[in-house]
Each structure stands twice: as C-alpha cells, then as structure tokens.
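Accompanying notes for the structure given below.
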Amino acid sequence: MGRASRAQAQENRKRIVETASRLFREQGTHVSVADLMKAVGLTHGGFYKQFTSKEALIDEATTHAFDELAERHTAALEQHTGQPDAVQQALIDAYLSVEHRDNPADGCPVAALAGDMAREPGNHEAHRVYAEGVSDFADRLATDDQDGITRLCTMFGALLLARATKGSPLSEEILTAARAALTATTARSGT
C-alpha cells in the first residue's frame, strides 16, 4: 500500500484528534494509543507519523473539545440574539439534561476532563487550554447578579453527581434541582 498523500495525512490527523477528543471525554486520557487508533480505523504505527507523543495528542484533543464547546455557545447566542436570559437558560438546560449526562463523549470537556487534568502536571498545554476553557465558560455564564464561576461550579457538580448516580432516581433529581436553582437565579437577576 502506498504512502498517504498530504491531504489524506491531514484528514487522518483530523480524524484522530476528533476521535481522541470524544474518547478522552468518555473514558479519560488513559485510553491507549492502540485502542484509539483501532477506533479511528488506522494502524498503531500511523499514530507516530502524526504526533510526537500521546501528550501532544492530549493537548490537541483538549483544544478541539473546547473549540466545540465554544461553537455550541456561539450557536446558542445566534439562536437567541438579543435575549441574554434565553441564552443562559438554553445553556443551563442543555448542560443539566439527561442527554448530556448520558453522553459524555459529546459533552462538556470541563466535566469530562476534570479528573484527568487534576492528575496532570500543570505545565502541559492541555492543562493551560483546560484552565482557559473553564474561565471562558464561566465568563459566558456570568450574569449581573451572579458570577459565572459559581454557576459553572453548580452545573459541573450537579452533572458529575448525576453521572455518578445514574440509574437511580437521585440522578434526575439532582439535574432537576440544579436547573431549578440556576433558573431561579437567572430569573431574579433579570438577565
């Protein structure tokens, strides 16, 4: 089989990053290179033609996950132009939904990657991207009356608890209670 063209190599890299981003959010960054490449449909050896190390891929996949999050936020803003309260409510409802709880691979990297980032040394690019992404997300959640960090912590904590108690009635109760608390805060702030 001949060598991949430059365009094919770029497409392969893109597929690896997208797949890694999903797998890391779903299973953690401990996913092996062999399992990742199998999921992509490429050989293990092909990985090292694209990346110098697994850490380099984690850096790029983390960036990709936060780029997706920013795109979703931008779409919410466009859908609710001139209605900041509707944007806030859409973000809260989507984040604290059963669908988000059940699909971490397509979900928020803040919740999905927190444990991995806590164990990683702070000098990796992924750690910097993660911290920046958390800050940006918190900024989007801020209202006139409540800082975004408090709101993000409430959403993040509720999502993690809901995932940890999935299968019990408590899981959906946690999502509902957090949504109600944040919705009441949004309504009181008049945003």
Side-chain angles (χ1 to χ4, degrees), residues 1-75 91 94-97 99-141 148-149 152-153 155-167:
M1 185 192 302
R3 295 175 72 102
S5 69
R6 184 176 300 266
Q8 184 61 53
Q10 288 176 331
E11 179 59 30
N12 289 347
R13 183 182 186 92
K14 180 181 174 194
R15 285 181 31 226
I16 293 167
V17 170
E18 289 172 351
T19 302
S21 178
R22 292 182 68 254
L23 283 175
F24 292 164
R25 283 180 278 171
E26 182 178 57
Q27 299 174 24
T29 58
H30 63 273
V31 171
S32 72
V33 170
D35 288 343
L36 167 65
M37 294 305 283
K38 183 178 178 183
V40 175
L42 297 172
T43 65
H44 182 267
F47 175 84
Y48 293 100
K49 292 177 184 174
Q50 297 288 337
F51 300 94
T52 56
S53 65
K54 184 175 176 189
E55 287 76 23
L57 174 61
I58 292 170
D59 294 346
E60 202 166 321
T62 301
T63 299
H64 178 79
F66 276 102
D67 287 347
E68 283 184 342
L69 180 64
E71 288 172 14
R72 286 193 297 270
H73 290 173
T74 300
L91 290 174
Y95 201 93
L96 296 172
S97 68
E99 181 181 352
H100 188 214
R101 178 200 65 194
D102 294 349
N103 296 292
D106 294 318
C108 176
V110 173
L113 298 175
D116 291 312
M117 291 300 128
R119 288 184 289 275
E120 290 292 322
N123 60 352
H124 286 285
E125 177 67 8
H127 197 269
R128 185 195 64 73
V129 168
Y130 183 85
E132 240 177 56
V134 169
S135 180
D136 290 346
F137 192 7
D139 288 347
R140 287 187 192 98
L141 292 171
I149 291 175
L152 178 56
C153 288
M155 291 166 59
F156 167 84
L159 182 63
L160 286 182
L161 289 171
R163 284 179 176 166
T165 59
K166 184 178 170 184

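Quick caveat, the model's predicted, so the values are computed rather than measured.
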The criterion is side-chain hydrogen bond (donor to acceptor under 3.5 Å, both in side chains); which residues satisfy it with [X], sequence neighbours excluded?
| X | result |
| --- | --- |
| R101 | S171 |
| T29 | D116 |
| N103 | none |
| H127 | none |

Between [X] and [Y], which heavy-atom pair has the shortest distance, and what is it?
| X | Y | answer |
| --- | --- | --- |
| D59 | A126 | OD1-N, 2.9 Å |
| F51 | V17 | CZ-CG2, 3.7 Å |
| R72 | D106 | NH1-O, 3.6 Å |
| L113 | F24 | CD2-O, 3.7 Å |
| A112 | P104 | CB-O, 4.4 Å |
| L160 | A111 | CD2-O, 3.9 Å |

Separation between [atom1] of [X] and [atom2] of [Y], rounded to the nearest 0.5 Å:
| X | Y | atom1 | atom2 | value |
| --- | --- | --- | --- | --- |
| L69 | L91 | CG | CG | 8.5 Å |
| M37 | S32 | CE | OG | 11.0 Å |
| L57 | T52 | CG | OG1 | 10.0 Å |
| Y130 | S135 | OH | OG | 12.0 Å |

Counterpart residues, salt bridge (Lys or Arg N to Asp or Glu O under 4.0 Å), relative to [X] (two or more places apart):
| X | result |
| --- | --- |
| K166 | D102 |
| E26 | none |
| D35 | none |
| R13 | E60 |

Look at the side chain of [X] and the backbone N and O of [Y], then say whether any donor-acceptor pair between them is shorter than 3.5 Å.
| X | Y | answer |
| --- | --- | --- |
| Q50 | A9 | yes |
| T74 | A70 | yes |
| R25 | S21 | yes |

Problem - salt bridge (Lys or Arg N to Asp or Glu O under 4.0 Å) partners of residues 130-140, not counting sequence neighbours, each pair once - result: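 For residues 130-140, and leaving out neighbouring residues, the salt bridge (Lys or Arg N to Asp or Glu O under 4.0 Å) pairs sorted by first residue read R128-E132.
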Would you say [X] and [Y] make side-chain contact, with heavy atoms under 4.5 Å?
| X | Y | value |
| --- | --- | --- |
| T62 | P109 | no |
| K54 | L36 | no |
| L141 | M155 | yes |
| H64 | R22 | no |
| K14 | Q10 | no |

Practice task
Check ring-ring contact (aromatic ring centres under 6.0 Å, His included) between H124 and all other residues, then give those that pass, not counting sequence neighbours.
Solution key: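 ring-ring contact (aromatic ring centres under 6.0 Å, His included) check on H124 returns nothing, list empty.
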Handout entry: Non-neighbouring partners of F137 that pass ring-ring contact (aromatic ring centres under 6.0 Å, His included), sequence neighbours left out
Key =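 If we apply the ring-ring contact (aromatic ring centres under 6.0 Å, His included) test to F137, skipping adjacent residues, the hits are H73, Y95.
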Problem - L161 atom CG: more than 12 heavy-atom contacts under 6.0 Å - result: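 Result for CG/L161: enclosed.
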Can you list, pair by pair, the side-chain donor-acceptor contacts under 3.5 Å of residues 38-48, counting residues two or more places apart and other chains?
residue : atom : partner : partner atom : Å
T43     : OG1  : G46     : N            : 3.3

